[in-house]
Amino acid sequence: MASLRLLCEDITMTAKRILLGISGGIAAYKSAELTRQLIKAGHQVEVVMTESATRFVTPATFQALSGNTVYTDLWDPRPSNAMAHIELSRRADAFLIAPATANLLFKLAHGACDDLISTLAAARTCPLIVAPAMNLQMWQNPPNQRNLAQLRADGVTVFGPGNGSQACGETGDGRMLEPHEIVELLNGFFADKLLAGKKVLLTAGPTYEAIDAVRGITNISSGKMGYALARACRDAGAEVTLVSGPTGMPAPQDIRRVDVASAADMQQAVLTEVGSTNVFISVAAVADYKVKNRSEHKIKKGAVVPTIELEENPDILATVAGLPAAPFCVGFAAESQNLLEFAEAKRRRKKLPLLVANLAQQAMGADDNQVVLLDNAGQHPLPQMPKDEVARAIVRHLARLLPSR
Ligand code: CTP
């Protein structure tokens with residue numbers, strides 16, 4: 001029953017009405033994919049375009065993808081009261097402009113109302129979000145930075161820009177974020193700020209214990225669950241630091257990531273960061289043992305088969321939970337049998353207020369997960385869901401437990 005309520009809360013949170021504004025930059029081609037991904041994430045999308053944007057991609061593309069009429073003209077007589085600039089923004093939960101060109105940012109910062117998008121922005125009652133896209137020199141141009149600062153001061157949210165190679169052939173800041181990054185940030189924008197003002201430290205991914213210069217012992221952890229939890233904490237308003245083993249996953253936006261390899265490195269990074277942390281979430285699949293007789297150089301094949309000697313690694317979670325001013329500690333238990341019995345024993349042994357139990361063979365590397373939350377009140381099973389949704393459910397549960405401490 002409790003788990004069903006958690007799931008329903010999640011669906012309500014994600015379905016929003018997005019008014020998507022497209023201005024005239026080459027990144028407009030990415031907005032077609034953005035429209036598709038917004039709809040896939042459960043949102044309703046209505047598109048408005050500047051006249052220049054229609055030179056890059058036609059309104060028909062967005063009409064087909066959004067399933068809604070595309071508006072480009074302030075004088076369009078189709079809205080029922082013939083006032084597109086009022087009506088379209090009134091039925092939106094957010095006005096997202098992606099791409100937002102330097103010229104459009106200038107107009108928004110100065111309250112211009114000379115086309116449909118700028119007039120909609122001025123007349124809106126919903127939040128305004130811009131995803132800038134421009135050449136790196138235009139991005140750094142002092143007037144552009146002044147316009148950005150003014151927009152931020154006016155309460156406008158800015159997504160990005162990203163850094164990388166640009167359509168003009170130069171490399172640097174100014175790229176529009178990728179559609180999946182914008183959707184992720186938008187979902188976070190709407191999330192309840194249950195962890196506002198909290199600092200959260202997480203570990204994620206596998207560790208790597210070197211045998212010699214080129215070989216090592218690791219495990220099949222993908223880091224997906226830990227990264228999903230880091231994003232969910234960020235979206236809930238927390239300041240997040242992620243200590244990550246080698247996963248190959250990109251660092252999420254607005255999350256400070258510390259890269260480590262071995263369990264010893266991970267422990268050192270965690271103890272360096274843990275100072276003012278309110279919550280520590282230990283998702284990493286930490287190797288219990290490291291190689292005692294590690295070779296500095298590559299071991300050569302010889303007549304004798306080499307023997308690898310192991311010695312115990314520190315238990316990072318137990319160490320943090322045992323600190324005199326320990327943060328609220330959340331552990332994970334990956335078991336292959338007797339899930340609840342082994343997990344509850346682990347929770348008590350490591351003295352954890354909350355532990356997330358999952359079946360190792362089902363969870364590791366997968367996109368979905370089915371977990372049971374164990375706390376002092378008992379067991380709370382959740383349905384099988386994508387890891388992002390599992391993460392949001394864990395954050396909601398965690399936030400409910402936090403104030404009592
Ligand atoms: N953990 C840790 N440091 C370790 C081992 C585990 O911080 N050296 C943390 C994990 O991140 C996880 C929890 O402890 O949150 C449980 O990890 P798990 O591998 O399931 O259990 P172990 O304690 O290693 O016990 P076992 O391997 O016997 O199941």
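For ligands, and for the atoms within them, numbers begin at 1 and follow the listed sequence.
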State whether R152 and D154 are salt-bridged, where the test is any N-O pair (Lys NZ or Arg NE/NH1/NH2 against Asp/Glu carboxylate O) under 4.0 Å. no

Can you classify the ring geometry of F190 versus H43 as parallel (below 30°), tilted (30 to 60°) or perpendicular (above 60°)? tilted

Salt bridge between D368 and K387, side-chain N to carboxylate O under 4.0 Å? no

Determine, for R17 against D93, whether the closest basic-nitrogen to carboxylate-oxygen distance falls under 4.0 angstrom. yes

Residues with a heavy atom under 4.0 Å from ligand 1, by chain and number, are S282, A284, V286, D288, P314, D315, I316, L317, G331, F332, A333, A334, K346, K350

Charged N-O contact under 4.0 Å between K198 and E239: no

Could you give all pairs that pass the salt bridge (Lys or Arg N to Asp or Glu O under 4.0 Å) test and reach residues 112-123, with sequence neighbours left out? K107-D114, K107-D115

